[in-house]
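Structure first, then comments.
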Amino acid sequence: MTSYRITGARLLGADPTDLLLTDGRLADLDDAPTDAVTVDADGLVALPGLVDLHTHLREPGREDSETVATGSRAAAAGGFTAVHAMANTDPVADTAGVVEQVLNLGLAAGYCDVRPVGAVTVGLGGTRLAELGAMADSAAQVRMFSDDGKCVSDAVLMRRALEYVKAFDGVIAQHAQEPRLTEDAQMNEGTMSGVLGMQGWPAVAEEAIIARDILLTAHVGSRLHVCHVSTAGSVELIRWAKGKGWNVTAEVTPHHLLLTDDLVATYDPIYKVNPPLRTSGDVEALRAGLADGTIDCVATDHAPHPTEDKECEWGAAAMGMLGLETALSVVQQAMVDTGLLDWADVADRMSVRPAQIGRLGGHGQPLEPGAPANLVLVDPAATRTIDPRDSASLSRNTPYAGRELPGRVVATFLRGRATVLDGKLQ
Ligand SMILES: [Zn+2]
């Protein structure tokens with residue numbers, strides 16, 4: 001296995017230092033083998049490999065939009081060394097058999113660690129609990145469970161799921177969307193939906209479920225993770241729950257940190273996503289919540305869709321956007337270049353905390369000798385114009401096409417192996 005000597009990297013944005021990667025781990029520089037390959041990292045920032053809690057890899061079932069292999073390559077290109085693969089596949093990842101299949105596809109691809117998320121209910125049907133224990137005990141060691149795409153709206157089922165996962169330190173990740181309040185919803189409910197005459201998705205539909213789940217979690221003493229928080233009111237609720245000392249964590253997507261619902265006026269379904277893009281006031285509250293730690297982490301909600309499902313009229317289009325390859329750049333623009341986070345904070349919100357929430361060992365650890373060599377080198381001074389044709393994903397539905405974004409992933413290492421080098425997938 002090739003050893004790498006990385007020279008002049010700014011560890012978490014601090015002063016330049018050298019790093020040695022050998023036998024899959026970070027090692028003392030004195031132990032450098034004579035044949036170690038030198039990587040010039042002058043001006044680059046070194047971060048622990050990014051960890052995504054929320055990725056849709058679409059396999060099994062929708063291999064026309066993404067596979068575990070192509071999604072893993074997109075993850076590596078974006079600086080990720082681990083992703084959590086959501087359960088809304090076909091068949092649904094609601095048994096030990098399916099989660100082990102996804103795990104094995106990830107191992108075969110070899111570009112990042114793919115940790116399956118298990119469904120909370122059988123077939124995402126919302127009526128019967130899935131075999132949570134069997135998935136936890138499987139080779140995939142599932143710790144996060146979610147019906148993402150759908151909300152576990154039945155309070156009794158949600159309570160039982162929260163109780164059940166306590167036995168193995170699991171967490172329920174909720175897609176907070178009150179279904180009756182969002183029937184036929186097309187975009188955020190507010191001034192813009194009124195102007196455009198579209199059915200609105202009100203903030204209260206998210207906040208009502210979060211409030212209920214916070215109280216349920218406190219009641220049973222379990223662990224709740226709130227997916228893709230999108231409103232200012234949700235941030236307030238989570239801040240309140242944390243103030244009580246309850247075990248509630250939350251994520252925000254890159255697109256909710258940057259884009260707003262005015263973009264819907266273009267009628268371009270590239271901006272159709274669930275939860276919907278909100279107002280500039282919500283974006284401001286989400287940025288502040290991520291900065292002060294109320295929102296624990298950034299998660300991409302990478303949602304690939306084939307062209308025919310996005311290049312159609314708004315009402316018929318699928319919801320979702322690509323995210324893995326642009327997440328770090330969007331976070332740099334929204335949070336670092338605005339002075340809200342420094343690079344050490346980015347490491348915390350995009351690697352350390354998501355690894356902790358997912359109970360994922362070997363990731364999100366300090367970059368010091370002995371630790372697994374999972375890291376990314378990023379050039380914060382670079383800029384790039386996003387061209388969907390450059391994507392490693394099978395799909396092209398990025399909302400940033402033609403936009404100039406700051407930062408570029410130069411190298412990604414998964415246990416000491418370069419998955420990306422000189423900005424190119426290996
Ligand atoms: Zn969701």
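In listed order, ligands and their atoms are each counted from 1. All values derive from a computational prediction rather than experimental measurement.
Among the atoms of D148, an N, O or S atom is found under 2.8 Å from the Zn ion (ligand 1). With 2.8 Å as the limit, H228 counts as an N, O or S neighbour of the Zn ion (ligand 1). Taking backbone and side chain together, H175 holds an N, O or S atom under 2.8 Å from the Zn ion (ligand 1).
Scanning both residues, A265 and M192, for their nearest heavy atoms gives CB-CE, 3.6 Å.
Using a 4.0 Å cut-off between charged nitrogen and carboxylate oxygen, E206 and R278 count as a salt-bridge pair.
With rounding to the nearest 0.5 angstrom, the CG atom of N88 is 11.0 Å from the CZ atom of R62.
Using cut-offs of 30° and 60° on the angle between ring planes, the pair H54 and H228 is tilted.
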